[in-house]
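Order of the sequence lines fixes the chain letters, A, B, ..., with proteins taken first and strands second; residue numbering starts at 1 for each chain.
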Amino acid sequence: MKDLLISGIQTALRDIGVNDTREIHIEKPADEKFGDASTNIAMVLAKELKKNPRQIAADIVAKLPFRNDAVERTEIAGAGFINFYFSNAFVTNAVQAILEQGESFGRSSVGAGKKALVEYVSANPTGPLTVGRGRGGVLGDTIANLLDAQGYSVTREYYFNNAGRQMRILGDSVKLRYLELCGEKMDFPDDYYQGNYIKDIAQKIFEQFGDSKKEAAAPYFFKEFAEAEIFESIKQTLHRLGIRHDSFFNELELYRRDCDEPSRNDRVIAELDNLGYIERKDGAIWLKTSLLGKKTVNKETKEEVAVDTVLVKSNGEPSYRLPDIAYHITKYERGFDLMVNVFGADHIDEYPDVLRALKALGYDETRVKVAINQFVTTTVNGEVVKMSTRKGNADLLDALIDDVGADATRFFFMMRSKESHLNFDLELAKKQSSDNPVFYLQYAHARICGIVRVAEDTSGFTAKASEYGLLSVLAAKEELELAKTLLRFPEAIEVAAESLEPQKLINYLNDVAAAFHKFYVECRIVGEEERVMKSRLYLSLATRQVLKNGFKILGISAPEKM
RNA sequence: GUGCCCGUAGCUCAGUUGGAUAGAGCAUCAGCCUUCUAAGCUGAGGGUCACUGGUUCGAACCCAGUCGGGCACGCCA
């Protein structure tokens, strides 16, 4: 529809002598009395044509080429808006198309033939997932679903590191707890992992091996045992939320040297060196981000200074930025056209360095999109609970799912814009289980299922494609309003996918549910004259289809009874 | 101090990328079930869109500055 309007306006513009390919903005007016769609093109042109915008609007309208009957009438209003009113026939025909397309309604082919990689969760296996991680996981999973709906071939990836200092501390923490179980009294350092899960893992080892591991002959035994346990629990938690990954990328891959071949990390250094972006100083290897536009301000002098970034520490170990760069290169090599990274606000300073390096190496860095989500503040009875895996008082994602269920958990994480801090009151979420916002949407779906069941039982209704034409009977205000809302679904997905904001899809589905509930209250279905009843049943079925398709993308269930 | 994010109704937040009278949920108040699910619908009250300037036909949205909150600023990841 939008395309039809735009091409029509372009034709009209040509006819009145405005010849350019400017973007024509079409929007849905806030107030229904201003029609179903409107454009501000006349006001945009007013300045350069030096004419009254209303006059320009009149000129355009006079030349609009709509020969078919999709647009019933066109009006000029306000300062020069051109408002379009769709015909009922156009709207009801489009609803028929929803029923015909079924599960594929809303899907698009704009990403067809393109490969997208979405990286999310990517927590190192040092402990159970926290509530904060859950938000990124849910957002990533849904963004992947959105891109899939846009036609992309999507790979979901989890990037992790099972080496390094953090993992050593993990192994040592488990070992200490284990030795305690073996009856040895010892101090447990503050900077070790304090969580109860450490004790649980130690207990498991003790039950399995008794005190036979006391001497810790294999230095990595505790670390590896703990890693396997924790990874399993992370996957289990993700599974409860319907989050899955197609591939797990181990950071160690980037360090591996096969038969004296340089590692991927080595190659990044060598290539950057060739390009003159490497400097060796103080025993470390630096990326000269000073040449790539990185600046900061000196605290004392308040002058802007260019700064460099360490890639390899003086002890010979790469800093995390080097493997990050190498990792991204594997994404390009694997042929991805779009790479989305979902991570928390604490990584906000990291990715610009990576992008700078990629650009310097000749990669198109605009193919990388970063979706930063702000933190989740968890409160209990109004008091903020701070999260820290190390401290062990973390509010665990699993506990949250136990409390409010998977649907509500997913929904809460997505219902706020990802740039906003999410205020998740655990007590409230528990209590709210009956008037939780997710139920507003699901209730609409369940209601439709109820109506259809009654229609089947009382009048032997079964949906038949040959009867879809009865939708043309629809005429009531609430019916048409609902129908028009349903038609916006493909655009809602597109906007949500492009902005990487699942929340925009939720807002749209809220409109659908609201429009349906209003329709339900005003328009009886079962018991009405047959043609009316059926037209309303088909409208309801189309609504159910849109809700169902939307829920699938959001990863929440579509209950038939509530 | 520097960078990013946020500041909109009593509370939690939307606001279609600069449009028409700024919206929803919760909370408060007043209505709607002998008929398909009242987890719903209708209405009322509630606003200096943090503040000050600027840009223009037009600003919650863009620019500059100020105030307040969060996060990050390491040869940790």
Length of the [atom1]-[atom2] vector between [X] and [N], whole Å:
X         : N      : atom1 : atom2 : answer
Lys561(A) : U37(B) : NZ    : C1'   : 11 Å
Glu478(A) : C41(B) : CD    : C1'   : 11 Å
Met562(A) : G40(B) : CE    : C1'   : 11 Å
Asp191(A) : C76(B) : CG    : P     : 15 Å
Glu522(A) : A38(B) : CD    : P     : 14 Å
Leu441(A) : A24(B) : CG    : C1'   : 13 Å
Tyr443(A) : C36(B) : OH    : C1'   : 11 Å
Phe160(A) : A77(B) : CZ    : P     : 17 Å

If you measure from the [atom1] atom in [N] to the same atom in [M], how many Å do you get, rounded?
N      : M      : atom1 : result
C4(B)  : C57(B) : P     : 30 Å
U16(B) : U52(B) : C1'   : 29 Å
C26(B) : G68(B) : C1'   : 26 Å
A44(B) : A27(B) : C1'   : 14 Å
G3(B)  : A22(B) : C1'   : 31 Å
C61(B) : U56(B) : P     : 16 Å
G15(B) : G23(B) : C1'   : 7 Å
U48(B) : U66(B) : P     : 25 Å

Classify the nucleic acid contact of [X] as base, sugar-phosphate or nothing, counting any heavy atom under 4.0 Å across all strands shown.
X         : value
Glu494(A) : nothing
Asp457(A) : nothing
Val526(A) : base

Check: Should U55(B) be called syn or anti, with syn set as within 90° of 0?
Finding: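 Here the answer is anti: the torsion falls beyond 90° from 0.
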Next item on the list: Tell me whether C11(B) sits syn or anti, counting syn as a glycosidic angle within 90° of 0.
Entry: anti
Options [options], nucleotide nearest the side-chain atoms of [X]:
X         : options                : value
Ala284(A) : C36(B), G19(B), C75(B) : C75(B)
Ala345(A) : A39(B), C71(B), A77(B) : C71(B)
Val310(A) : C75(B), A39(B), C41(B) : C75(B)
Ile451(A) : A77(B), C36(B), C57(B) : C36(B)
Glu419(A) : C36(B), C75(B), C6(B)  : C6(B)

Notebook entry, point to check: Taking Ser263(A) for the side chain and Asp266(A) for the main chain, is one N or O donor matched with an acceptor at less than 3.5 Å?
Noted result: yes
I'd like to know if [X] and [Y] make a salt bridge, using a cut-off of under 4.0 Å between side-chain N and carboxylate O.
X         : Y         : value
Lys484(A) : Asp36(A)  : yes
Lys418(A) : Glu501(A) : yes
Glu491(A) : Arg488(A) : no

Margin query: Checking Glu227(A) against Asn162(A): is there a side-chain donor and acceptor pair closer than 3.5 Å?
Written below: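 Yes - a donor-acceptor pair under 3.5 Å links their side chains.
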Check: Are a donor atom and an acceptor atom from the side chains of His517(A) and Arg447(A) found within less than 3.5 Å of each other?
Finding: yes
Grab the N/O contacts between the protein and nucleotides 10-17 of chain B below 3.5 Å, and write none if there aren't any.
unit_1: U12(B); atom_1: O2'; unit_2: Arg416(A); atom_2: NH2; d: 2.9
unit_1: C13(B); atom_1: OP1; unit_2: His421(A); atom_2: O; d: 3.4
unit_1: C13(B); atom_1: O2'; unit_2: Arg416(A); atom_2: NH1; d: 2.8
unit_1: A14(B); atom_1: OP1; unit_2: Ser417(A); atom_2: N; d: 2.9
unit_1: A14(B); atom_1: OP1; unit_2: Ser420(A); atom_2: OG; d: 3.1
unit_1: A14(B); atom_1: O5'; unit_2: Gln503(A); atom_2: NE2; d: 3.4
unit_1: A14(B); atom_1: O2'; unit_2: Asn507(A); atom_2: ND2; d: 2.9
unit_1: U17(B); atom_1: OP2; unit_2: His25(A); atom_2: NE2; d: 3.1

Using every non-hydrogen atom in the two residues, find where [X] and [Y] come nearest and quote the distance to one decimal.
X         : Y         : result
His328(A) : Asn341(A) : NE2-ND2, 2.9 Å
Ile234(A) : Gly127(A) : CD1-O, 3.8 Å
Ile269(A) : Ile278(A) : O-CG1, 3.7 Å

Item checked: 5' priority, RNA chain B, between Gln374(A) and Gly450(A) [closest heavy atom] ->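 Closest to the 5' end, via its nearest nucleotide, is Gln374(A).
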Check: Taking for each residue the nucleotide of RNA chain B with the nearest heavy atom, is it Asn510(A) or Asp282(A) whose nucleotide lies nearer the 5' end?
Finding: Asn510(A)
OP1 or OP2 of [N] sitting under 4.0 Å from any side-chain N/O of [X]?
X         : N      : value
Tyr320(A) : A77(B) : no
Tyr520(A) : A38(B) : yes
Arg447(A) : A38(B) : yes
Tyr440(A) : C41(B) : yes

Checklist line | Per-nucleotide pairing state of RNA chain B [Watson-Crick or G-U, under 3.5 Å; [ ] pseudoknot-crossing; | other strand] | finding: (((((((..((((.....[...)))).(((((.......))))).....(((((..]....))))))))))))....
Note to self: Would Phe81(A) count as stacking on G19(B) if stacking means ring centres less than 5.5 angstrom apart and planes tilted under 30 degrees?
What the structure shows: no
Notebook entry, point to check: Taking side chain as C-beta onward, heavy atoms only, is Trp286(A) less than 4.5 Å from Arg280(A)?
Noted result: no
Notebook entry, point to check: Within the modelled atom types, does a donor on one side and an acceptor on the other bring the side chain of Asn40(A) and the base of A20(B) under 3.5 Å apart?
Noted result: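 Check fails, no donor-acceptor contact within cut-off.
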Note to self: Quiz question: going by heavy-atom distance under 3.5 Å, is there a donor-acceptor pair between the base of C75(B) and the side chain of Ser314(A)?
What the structure shows: yes
Checklist line | Verdict with supporting geometry, Tyr159(A) and Phe343(A), ring-ring contact (aromatic ring centres under 6.0 Å, His included) | finding: CA-CA 11 Å; Tyr159(A) 177 66; Phe343(A) 45 57; over 10 Å; no
Notebook entry, point to check: Is the NZ or CZ atom of Arg135(A) both under 6.0 Å from the centre of the six-membered ring of Phe413(A) and within 45° of that ring's axis?
Noted result: no
